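What follows is a short report on a single structure.
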Number of protein chains: 2
Amino acid sequence: MATTLSQIKRDFVEGLSQISRFWGFPKGMGAIFAVLYLSPTALSLDEIVERTGLTKGAVSTEVRTLARMGLVHRSTKLGDRKDYYAAETDFYAAIRSILQERQNSEFDHAVRSVKETLTRLEENWVENEEWNFVYERVKALQEFFDAIDSLAKAVIRLESLGLSNVTKILNVLK
Amino acid sequence: MATTLSQIKRDFVEGLSQISRFWGFPKGMGAIFAVLYLSPTALSLDEIVERTGLTKGAVSTEVRTLARMGLVHRSTKLGDRKDYYAAETDFYAAIRSILQERQNSEFDHAVRSVKETLTRLEENWVENEEWNFVYERVKALQEFFDAIDSLAKAVIRLESLGLSNVTKILNVLK
DNA sequence: TATTTCGTTTAGTAATTACTAAACACACAT
DNA sequence: ATGTGTGTTTAGTAATTACTAAACGAAATA
């Protein structure tokens, strides 16, 4: 049972698929990214189809959302009608892109709804114990979300420093 | 159309449900947490059932995973056979707890599989261009995961400083 | 021991999500 | 204009996940 490169690759693709699924993305998306990531050259849609075992339709849509997230890049060759896809290798850039994408997402809408709850509580204020209690709790949650958000932005802003350097600095702090 | 407290609460519960779903948790889990979070007193399983509209079975299992994640706490009253549940209000503590929980999870297993790919590449080394290429790529990914992990740990370690203070410090850096 | 009151488990259903197969649309080449 | 090689869309299916209803078990009470 020789450990061939293609075997190792297959296992890697499998691993990224699971990670993808864990993060709430289709596992096919992870597979597509993995295949592109391990390829030295950009791949056409049909090559991705071949290497992942998915159908053209699935690859077409999923590679597009990957592109929207900035995790892959689409390119073309002159005199060739095919599109070619390559994995983004700068993960910090990808994160930044994903966070931007997130701004318009269902998620941010939901987070905003917490903020909105707060406003409604303020605008229809009734001075009693329960109202006060609810207000304090919702406010605390909203502040937490804000804190996370600011932290993420701060880290992204320091991208050029390198994530591990940022970590080192933090570790010195206390 | 008066904006009553119970209306506001319902909307809040709805909001957290969506957030929960976005993060890949059942939306019922979000609803349960929200209900507990807005309650000044700990609630029994049946009270949660009543306020969320879920069944006892669903609440039983989901409240348990919430407890495992450290997002709610189970308690009992003397001379009362019921269990009572209350929301954790220290979110930083909750995050820490979730990250610990994660150690044993399917996710970490998957992340470890990347590390494992790397080892296999090293152990069966073949000196050629492709092998080298794949190795470099996998290594970069593994280092990225490591960096994220260290960063998370560093932030958690600074919990007592307050998340927003950490953010402030980071913002001064550059 | 039988009964009540609680939480858990289980087996099945509903709802959602990922994916397939195939039709389609567009651009280019002949 | 017709045919060929692309990527996209769509309608349906498979697989997964969240949830329900109801049986069960355990512990306290009668």
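Values in this document were obtained by computation on a predicted structure and should not be read as measured data. Order of the sequence lines fixes the chain letters, A, B, ..., with proteins taken first and strands second; residue numbering starts at 1 for each chain.
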Identify all side-chain donor-acceptor contacts of residues 32-42 of chain B below 3.5 Å with residues at least two apart in sequence or on another chain.
{"unit_1": "B:Tyr37", "atom_1": "OH", "unit_2": "A:Arg137", "atom_2": "O", "d": "2.5"}
{"unit_1": "B:Ser39", "atom_1": "OG", "unit_2": "B:Thr41", "atom_2": "N", "d": "3.2"}
{"unit_1": "B:Ser39", "atom_1": "OG", "unit_2": "B:Thr41", "atom_2": "O", "d": "2.5"}

Next item on the list: Applying side chain to side chain contact (heavy atoms under 4.5 Å, CB included), name anything that partners A:Lys27, two or more places apart in sequence or on another chain.
Entry: A:Ser17, A:Arg21
Checklist line | Any residue meeting side chain to side chain contact (heavy atoms under 4.5 Å, CB included) with A:Thr65, in chain and number order, not counting sequence neighbours | finding: A:Met29, A:Arg68
Notebook entry, point to check: From the 5' end of DNA chain C to its 3' end, which nucleotides mark the outer limits of contact with chain A, defined by a 4.0 Å heavy-atom distance cut-off (strictly under)?
Noted result: C:dA18 to C:dC28
Next item on the list: May I ask you to test the A:Phe145-A:Val114 pair for a side-chain heavy-atom distance under 4.5 Å?
Entry: yes
Check: Among residues 37-44 of chain A, which contact DNA chain D at a heavy-atom distance under 4.0 Å?
Finding: none
Check: Would you find a donor on one side and an acceptor on the other, under 3.5 Å apart, between the side chain of B:Ser44 and the backbone of B:Glu47?
Finding: yes
Check: Hey, does the side chain of B:Ser97 reach the backbone of B:Met69 with a donor-acceptor pair shorter than 3.5 angstrom?
Finding: yes
Margin query: At 4.0 Å (heavy atoms only), tell me whether A:Lys56 reaches a base, stays on the sugar-phosphate, or touches nothing.
Written below: base
Margin query: Has A:Ser20 got a side-chain atom pairing as donor or acceptor with A:Pro26's backbone, closer than 3.5 angstrom?
Written below: yes
Note to self: Give the residues of residues 57-80 of chain A touching DNA chain D, defined as any heavy atom closer than 4.0 Å, sorted by residue number.
What the structure shows: A:Gly57, A:Ser60, A:Thr61, A:Arg64, A:Arg74
Next item on the list: Using a strict 4.0 Å threshold on nitrogen-to-oxygen distance, state whether A:Lys115 and A:Asp146 make a salt bridge.
Entry: no
Checklist line | 5' precedence on DNA chain D between B:Gly24 and A:Tyr84 (nearest-nucleotide basis) | finding: A:Tyr84
Note to self: With nearest nucleotide decided by heavy atoms, which residue, A:Thr55 or A:Arg81, maps closer to the 5′ end of DNA chain C?
What the structure shows: A:Thr55
Check: Below 4.5 Å, heavy atoms only, C-beta onward: do B:Leu141 and A:Phe12 meet side chain to side chain?
Finding: yes
Item checked: Worked check of salt bridge (charged side-chain N to carboxylate O under 4.0 Å, His left out) between A:Asp11 and B:Arg120 -> CA-CA 11 Å; A:Asp11 293 349; B:Arg120 286 172 70 194; 2.5 Å; yes
